Amino acid sequence: MPELPDVEAFREVLASCAKGRRIERVDVRDPGVLHGVSARKLRRELEGRRFTEPERHGKWLLARTDWGSPLLERSRELGGGPTVMLHFGMTGQLLCCAPDDAPHPHDRVLFTVGRDSADRDGVGRDGVGGDRQLRYRDQRKLQGLWLADDTGVARILDRQGPDAMAVDRDAFDTVLSGRRGRVKAVLTDQSVLAGLGNLLADEILWRAGLHPAIPAAALTDAQRGRLYKDMRRTLRSSISAGCVPPRRSWLTGHRDDSDAACPRCGEPLRRDRIGGRGTVWCPRCQPIAA
DNA sequence: GCATATGTTATGAA
DNA sequence: TTTCATAACATATG
């Protein structure tokens, strides 16, 4: 699932499920998803803290915490608590469940959170108000969870380019024209631009009418402008959908067809391996010599 | 058994 | 130094 729009949806899940709530229990069902931290240390560092406003950069989700006690004013000065850095690989998800919902076999880490600290009588707006459980679920375990202080967070984010949804036109230009690789490889390189994955890159290039193998540095200013605009349009729709939607009017809606045809011109779609990933494009809408 | 899959990183070669 | 392909990671599906 996870590219920028999916991770943005997970950020919203985290915010609505756990923000402002005390972390009552951390249950690591599979320590194989933890990186650089033991299950014991994760529990010790997090239990009793409170989730604050989560952030996203590219495909990284940052679950920030503070002390979750009456010292909250002071804790802000002290820099708050540690941050759980989540990466979802190809198959990760974040879900909000009731603590007594039967666990899924791929639920790897469970965070049980208490009632909202602003909710003094313990009855939430929905009348439920009880504990909730945030679940990190992942089939393939290609990535996982890190626990980081501010330095650790910076060390990870330092290797990321600007967020694809936040980057402005100037920075986009700088980043693209400074690369010698093919445009698809450049767009999906997280150290250049953070957030675009395989589906999004193909979708955006198809919309912009650019062949994925064009050298990024060979794009004209007008082509970069179209690419930027179509990237933002595609991201905006995908964020509202919570994923890159497999609509029939989109290229993504035809990836799995056996005899896939371009939804715009009907031409048979071409497939190849570019940047090490399965790539789909329309030879008519995306000529190599555009 | 084979190939494929929304991701990242290490490695060796060009 | 940069870029590229490939394998590896763990698991499921066709």
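Letters A, B, ... mirror the listed sequences (proteins, then strands); counts begin at 1. All figures in this text were calculated on a predicted structure; none of them were measured in a lab.
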> Which residues pass the side chain to side chain contact (heavy atoms under 4.5 Å, CB included) test with A:P82, sequence neighbours left out?
Replying inline: A:E45, A:L46, A:R49, A:T65, A:L147
> How would you list, by chain and number, every residue that makes a side chain to side chain contact (heavy atoms under 4.5 Å, CB included) with A:R180, sequence neighbours excluded?
Replying inline: none
> At what distance, to the nearest 0.5 angstrom, does CZ of A:R11 lie from OG of A:S16?
Replying inline: 10.0 Å
>> Same cluster or not: A:L142 versus A:F88, using hydrophobic residues (I, L, V, M, F, W, Y) connected whenever any side-chain heavy atoms lie under 4.5 Å apart?
In response: no
> On a whole-Å scale, what distance lies between the P atoms belonging to B:dT8 and C:dT1?
Replying inline: 24 Å
> So what's the dot-bracket for DNA chain B: Watson-Crick or G-U pairs under 3.5 Å, [ ] if a pair crosses, | if it pairs off-strand?
Replying inline: .||||.||||||||
> Is A:L145 reachable from A:F51 through a run of hydrophobic residues whose side-chain heavy atoms are each under 4.5 Å from the next?
Replying inline: yes
> Which letters describe nucleotides 1-14 of chain B, given B = protein heavy atom under 4.0 Å from base, S = only from sugar-phosphate, - = neither?
Replying inline: ----BBBSS-----
>> Can you give me the first and the last nucleotide of DNA chain C (5' to 3') that has an atom within less than 4.0 angstrom of a non-hydrogen atom in chain A?
In response: C:dT2 to C:dA12
> How far does CE of A:M165 sit from CZ of A:R232, to the nearest 0.5 angstrom?
Replying inline: 4.0 Å
> Is A:L196 close to A:M231 at the side-chain level, that is, under 4.5 Å between some pair of heavy atoms?
Replying inline: yes
> Between C:dT3 and B:dT6, how far is it from one C1' atom to the other, in whole Å?
Replying inline: 24 Å
>> Considering only residues two or more places apart or on different chains, which pairs with a residue in residues 7-37 of chain A satisfy disulfide (SG to SG under 2.5 Å)?
In response: A:C17-A:C96
> Taking all atoms of both residues into account, what is the closest heavy-atom pair of A:S249 and A:W206, and its distance?
Replying inline: O-CH2, 3.6 Å
> Roughly how far, to the nearest 0.5 Å, is the CD atom of A:E55 from the CG atom of A:D163?
Replying inline: 11.5 Å
